[in-house]
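Reminder, nothing fancy here: chain letters follow the sequence lines and each chain counts from 1. Remember, it's a predicted structure, so these values are computed and weren't measured experimentally.
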Amino acid sequence: MKLRATLLAFSVLCSFAVPAAHAAGDQPYAGQTITVLLPPWGTLPKAMTDAFKAKTGITVDMQTQGWDQIHAKILTAMIANNPPADVSEVDWSWVGQFGAAGWFEPLQGKVPAPVVQDIASDKIFTIDGKLIAMPYNNDFRVLIVNKAMFDKAGITQMPTTMDELWADAVALKKSGVTYPIALPLSANEGTSTAWYLLTKAFGGDLFDASMKPEFTTPDSAGYKALDWIVKAAKAGLIDPASTGLTDVQVQAFLSGGQAAIDLAGWAGNLTVYNDPSKSKVAGHVVAALMPSATGHSRSFGLPEALGIPANAKHKGAALAFIDWWMQPAVQIEAYKALGDLPTSTAALSDLSKEGKLPSGDVLLKQIPTVEPLFAQGTPEWYPQFSAGVSSAINQAAKGQLTVAQAIAQIAAQAKKAQSQ
Amino acid sequence: MTQKPLQRWAIRVGTLILLAWSLLPILWALRSSLTRPVDLTAAKFSVLPPVFTLQHYANLLGAVSAFRGTVTQSVWPQFSRALLNSMVTSGAATIVTVFAAALGGYAFARLRFPGRDTIFGLVVATLAIPAYTVMIPLYRMMVSVHWVDTYLGVTLVYVSAFLPLALWLMRSVYRGLPISLEEAAWIDGAGRLHTLLRIVMPMAAPGLIAAAILTFLTAWGQFLIPLVFSPTLATKPLTVLIPEFVSKNYIDYGLMNAAGVLAIIPPLLLVVFLNRYLISGLTAGSGK
Amino acid sequence: MTALTLTRRRAQIGGKDAGLGLLLALPIIILMGSLVFWPLILTFWDSLHRVDPMRFGTPFVGLRNYLNLFSDSDVRAATINTLTYVVVAVVVETLGGIAAALLLNAMGPARKWMLAAVILPWALPPVVNSIIWLWIYNPSYGVLNGVLHMLGLISHNHVWFNDRWTALFLIALVHIWRMLPITAVIVLAGLQSVPQELYEAARMDGAGAFSRFGWITLPLVAPSLAIAMTQSTVLAFNLFDEAWILNGSSGDTRTLLIQVYMSAFQDLHFSYGMALSVLVMFASLAVSLIYVLRIPGETVSE
């Protein structure tokens with residue numbers, strides 16, 4: 001009896017050993033489990049993680065954390081010298097900080113070159129020559145309008161300059177849209193990024209190559225952009241309630257049918273705007289190229305990426321996971337399940353050809369014009385600077401500061417942030 | 001107890017005001033949880049939702065979820081697990097805290113030992129410490145003993161945070177009791193511990209119940225501590241799960257409100273249950 | 001029983017007091033020591049250095065972080081905001097809490113439902129609480145404007161958060177709404193411990209309701225009140241969620257703890273943020289001591 005049991009156990013063990021020996025070659029990390037920390041829109045459905053496991057033998061433990069908390073979470077873990085996960089979220093705005101702190105494993109040379117070629121916006125995640133994360137969510141700014149309202153106001157062509165945009169807004173207001181432009185003006189990050197976008201639209205940049213402010217003189221793009229925003233608010237083109245609303249809340253104006261123009265719209269918004277269960281204007285919303293003073297549309301990207309913390313325990317398996325996610329087929333599946341706009345150019349053109357990308361043709365035209373906000377790489381003082389920007393814009397919109405005073409305050413904040 | 005008509009009228013008015021103050025915002029949450037996402041951003045204000053819907057509750061409790069119009073994995077496994085975690089961690093924290101405060105409070109109230117008042121002062125002073133101040137070193141400690149993301153670890157952190165208040169409350173309650181009853185027991189030969197358990201505690205019941213309610217509810221509403229010490233669904237409570245219903249382009253207000261409405265049910269039931277013990281211990285024991 | 005017997009009995013027990021007392025207090029001492037005091041010392045030590053993950057090394061800088069805090073205009077603005085919240089919150093929560101506790105105390109069988117209703121604001125998850133009030137205050141489709149409009153008090157939608165002091169008050173209101181039950185519960189426990197005989201005796205002596213309140217209730221409830229007010233003070237000093245969710249990082253309504261979060265976790269000037277949090281601790285202690293020392297019976301040892 002005992003002999004039979006032993007023989008049975010032995011044969012069972014052998015049956016495991018044989019496939020294991022076979023798999024060791026093409027599944028070098030089989031049996032490992034990696035933890036992946038991402039916001040809700042990065043949490044892959046079970047079907048996808050199962051497919052990954054079947055391919056590589058690696059089990060994925062997906063940990064979700066709300067967007068507002070994930071930065072604090074990663075920070076707390078890294079300061080305590082504990083890896084938050086094997087793969088974690090890296091937002092474009094954290095690159096300067098995390099790069100300077102050396103918290104993420106450099107990936108250059110480790111991710112295959114064709115993949116890096118295919119993925120747009122990887123430059124945003126390169127600092128000091130080190131590629132610290134690979135982007136998976138390709139959010140960039142584009143102009144989003146309610147075409148039905150435009151038609152009603154008699155506007156036939158999409159605006160290509162900021163002056164045309166102003167004229168269109170005035171016309172929309174006359175045709176019955178009380179507050180045509182949806183733009184956040186509260187003291188939150190969305191307000192700052194809107195100003196950055198309009199600075200680019202006016203043909204300029206925020207900082208020069210040595211990080212000196214370029215927005216301080218009245219004829220500079222940044223100054224003109226802030227002036228435009230404040231004037232628009234005063235002229236009643238923007239709902240006064242926007243001084244208390246974040247970007248996501250302001251989008252409710254467009255989806256609720258009150259506003260006609262989402263001036264700081266993300267490409268990813270389009271799916272929500274055209275979803276009849278969430279939007280009253282589904283089917284009427286289209287994208288257009290960002291207006292520009294120079295005639296060449298410019299936009300910037302706010303992508304999110306996957307990075308490997310420097311003290312992660314399963315770096316090899318983590319890299320396998322990232323490589324897998326960079327494949328066009330996987331990105332297309334993630335788009336269909338979660339709405340994350342692919343970073344792979346191949347995936348994007350496939351989706352557009354299939355007709356699955358709303359306003360796909362416009363998006364594909366905008367993508368080559370998407371630049372990083374900071375050509376030199378996001379500096380480590382960016383978060384501090386950005387908080388000061390939104391505070392100043394908020395006060396200017398409320399009439400507590402003049403445009404000149406607000407610009408001066410922003411410049412002072414930049415100096416303070418850079419010196420610390 | 002006879003009450004003058006003016007008093008009764010005052011009580012009625014006061015009750016109405018208190019009810020309105022406490023309940024109206026919650027009723028608004030209930031209303032939002034029964035509203036369709038499309039109507040949540042309506043420009044016109046209306047008291048009742050234009051169209052009633054149970055979809056948010058269906059998403060929370062049901063087998064499937066509708067996310068962005070497509071059917072995806074259900075929220076229920078996460079919601080139910082988070083609910084369980086909230087109950088376990090809040091319950092454990094409450095039991096341990098009240099137990100320690102019941103015994104320790106008596107020690108600080110009636111027993112004399114060296115350093116008593118200094119130690120008590122220091123313990124109570126920790127009430128003033130903001131959570132951020134101790135979070136990182138505490139996190140490092142917990143990581144090194146592998147107690148992060150365990151019920152044990154989170155409970156201990158909660159107890160260290162809530163014990164000072166409970167202790168102070170219990171000591172205050174014990175001190176408020178006339179010592180004559182205890183002295184009578186000692187003269188009869190009863191030991192200190194026996195006196196505490198058989199005679200003092202029943203009289204201190206309101207304090208114990210108040211401490212239990214305070215601790216449970218404070219633990220139930222904790223956010224920062226579990227954010228750091230309960231990163232995964234193994235121990236993640238409702239307070240940390242609910243903000244995850246914010247997606248990049250869309251805040252699911254209906255779902256969040258529905259989750260919030262469901263989240264208030266366990267504490268509500270607990271308070272209704274504990275209330276019967278909140279009667280004055282002195283009136284109960286004074287029928288001698 | 002003679003007084004002599006009592007004293008002798010007391011003396012017999014006295015020696016065993018210390019043993020039992022320490023035994024009961026020991027777990028508490030160990031727990032608080034290891035989980036609170038030790039990390040606190042470590043943080044304080046950190047605050048005397050420059051701990052900045054983006055920079056190499058952590059040199060000792062003494063009190064420089066603290067000195068810089070005093071000259072930081074953001075910190076100064078946040079201090080004014082926080083003190084405003086503290087004053088408004090403590091006053092309203094104390095008065096409201098006492099009123100609620102008195103009401104609950106006077107109720108009969110209906111009390112359990114009333115108590116349940118009273119604690120609901122506190123039972124609501126903080127993020128849901130904040131979004132409810134975001135909705136209430138929303139200028140376009142919020143309840144506040146909606147109701148005021150229906151009552152004819154305002155003609156067009158008012159943007160509440162444009163004015164700094166209105167914003168401060170409205171945020172304080174959200175905080176008070178959530179925290180008032182705490183004061184109510186603590187004071188209720190205190191009220192429950194007041195012997196009914198005292199009220200009966202006073203009533204027979206002809207004392208009216210207000211006299212009974214002033215001469216019996218208030219003094220006997222004073223220790224509970226000290227506890228409740230201290231808790232209110234500390235919670236108000238630590239106000240974060242309500243201000244953050246309702247008005248972001250705006251300097252108008254930013255609290256000290258938001259400033260701690262921004263310095264330490266957003267800007268990664270870690271030890272700077274920790275120094276500020278240590279100062280917040282001392283400030284809330286100082287304010288609390290004001291009432292604790294004034295209430296007799298709290299510091300007098302037996």
(message) Restricting to non-hydrogen atoms, name the atom on Asn275(B) and the atom on Leu115(C) that form the minimum distance, rounded to 0.1 Å.
(response) OD1-CD2, 3.7 Å
(message) With a 4.5 angstrom heavy-atom cut-off, is it the side chain or the backbone of Leu124(C) that approaches chain B, or both, or neither?
(response) both
(message) If I measure from the heavy atoms of chain C, does Ser32(B) come under 4.5 Å with its side chain, its backbone, both, or neither?
(response) neither
(request) Mind listing the closest non-hydrogen atom pair of Asn238(C) and Pro130(B) along with its distance? (result) OD1-CB, 3.5 Å
(message) Is Tyr199(C) close to chain B through its backbone or its side chain, or both, or neither, when contacts mean heavy atoms under 4.5 Å?
(response) neither
(message) Using heavy-atom distances under 4.5 Å, tell me whether Leu191(C) contacts chain B through its side chain, its backbone, both, or neither.
(response) neither
(request) Of all the heavy-atom pairs spanning Trp168(B) and Ala226(C), show the shortest one and how long it is. (result) CH2-O, 4.1 Å
(request) Answer with side chain, backbone, both or neither: which region of Phe282(C) has an atom nearer than 4.5 Å to a non-hydrogen atom of chain B? (result) neither
(message) What part of Leu269(B) gets within 4.5 angstrom of chain C, counting heavy atoms only: side chain, backbone, both, or neither?
(response) neither
(message) Within the structure provided, determine whether Trp21(B) and Leu180(C) are in side-chain contact (heavy-atom separation under 4.5 Å).
(response) yes
(request) Let me know if Thr15(B) has heavy atoms under 4.5 Å from chain C in its side chain, its backbone, both or neither. (result) both
(request) Give, as side chain, backbone, both or neither, the part of Ile136(B) having an atom under 4.5 angstrom from any heavy atom of chain C. (result) side chain
(message) Report which part of Leu169(B) has an atom under 4.5 Å of a heavy atom belonging to chain C: side chain, backbone, both, or neither.
(response) both
(message) Report which part of Val159(B) has an atom under 4.5 Å of a heavy atom belonging to chain C: side chain, backbone, both, or neither.
(response) both
(message) Can you confirm whether Thr43(C) sits close enough to Tyr132(B) that some side-chain heavy atom of one is under 4.5 Å from a side-chain heavy atom of the other?
(response) no
(message) Less than 4.5 Å to any heavy atom of chain C: does that hold for the side chain of Met256(B), its backbone, both, or neither?
(response) both
(message) Quick one, Leu19(B) and Met114(C) - any side-chain contact, counting heavy atoms below 4.5 Å?
(response) yes
(request) Looking only at non-hydrogen atoms, find the nearest pair between Pro121(C) and Ser22(B) and report the distance. (result) CG-O, 4.0 Å
(message) I'd like to check Leu35(C) versus Met142(B) (side-chain heavy atoms, cut-off strictly below 4.5 Å). Are they in contact?
(response) yes
(request) Let me know if Phe216(B) has heavy atoms under 4.5 Å from chain C in its side chain, its backbone, both or neither. (result) neither
(message) Contact between Val128(C) and Tyr253(B) at the side-chain level, heavy atoms closer than 4.5 Å - yes or no?
(response) no
(message) Please classify the contact between Phe44(C) and chain B as side chain, backbone, both or neither, with a heavy-atom cut-off of under 4.5 Å.
(response) neither
(request) Side chain from CB out, backbone as N, CA, C, O: work out which of these in Thr230(C) comes under 4.5 Å of a heavy atom of chain B, or both, or neither. (result) side chain
(request) Side chain from CB out, backbone as N, CA, C, O: work out which of these in Ile264(B) comes under 4.5 Å of a heavy atom of chain C, or both, or neither. (result) both
(request) Return the minimal non-hydrogen interatomic distance between Gly21(C) and Ala107(B), and the atom names on each side. (result) O-CB, 3.9 Å
(request) Please flag which part of Ile29(C) lies under 4.5 Å from any non-hydrogen atom of chain B: side chain, backbone, both or neither. (result) side chain
(request) Give, as side chain, backbone, both or neither, the part of Phe237(C) having an atom under 4.5 angstrom from any heavy atom of chain B. (result) neither
(message) When you compare the side chain of Ile227(C) with that of Ser172(B), does any pair of heavy atoms fall below 4.5 Å?
(response) yes
(message) Report which part of Leu217(B) has an atom under 4.5 Å of a heavy atom belonging to chain C: side chain, backbone, both, or neither.
(response) both
(message) Do Phe113(B) and Leu20(C) have side chains that approach each other closer than 4.5 Å (heavy atoms only, starting at C-beta)?
(response) no
(request) Tell me, out of Val127(C), Leu289(C), Asp241(C), who's got the most heavy-atom pairs with chain B below 4.5 Å. (result) Val127(C)
(request) Sort Val118(C) into side chain, backbone, both or neither according to what part of it lies under 4.5 angstrom from a heavy atom of chain B. (result) both
(message) Using heavy-atom distances under 4.5 Å, tell me whether Val185(C) contacts chain B through its side chain, its backbone, both, or neither.
(response) both
(request) Check Gln192(C) against Pro206(B) and note the closest heavy-atom contact, atom names and distance. (result) CB-CB, 3.7 Å
(request) State, with a plain yes or no, whether a side-chain heavy atom of Pro39(C) is found less than 4.5 Å away from one of Arg140(B). (result) no
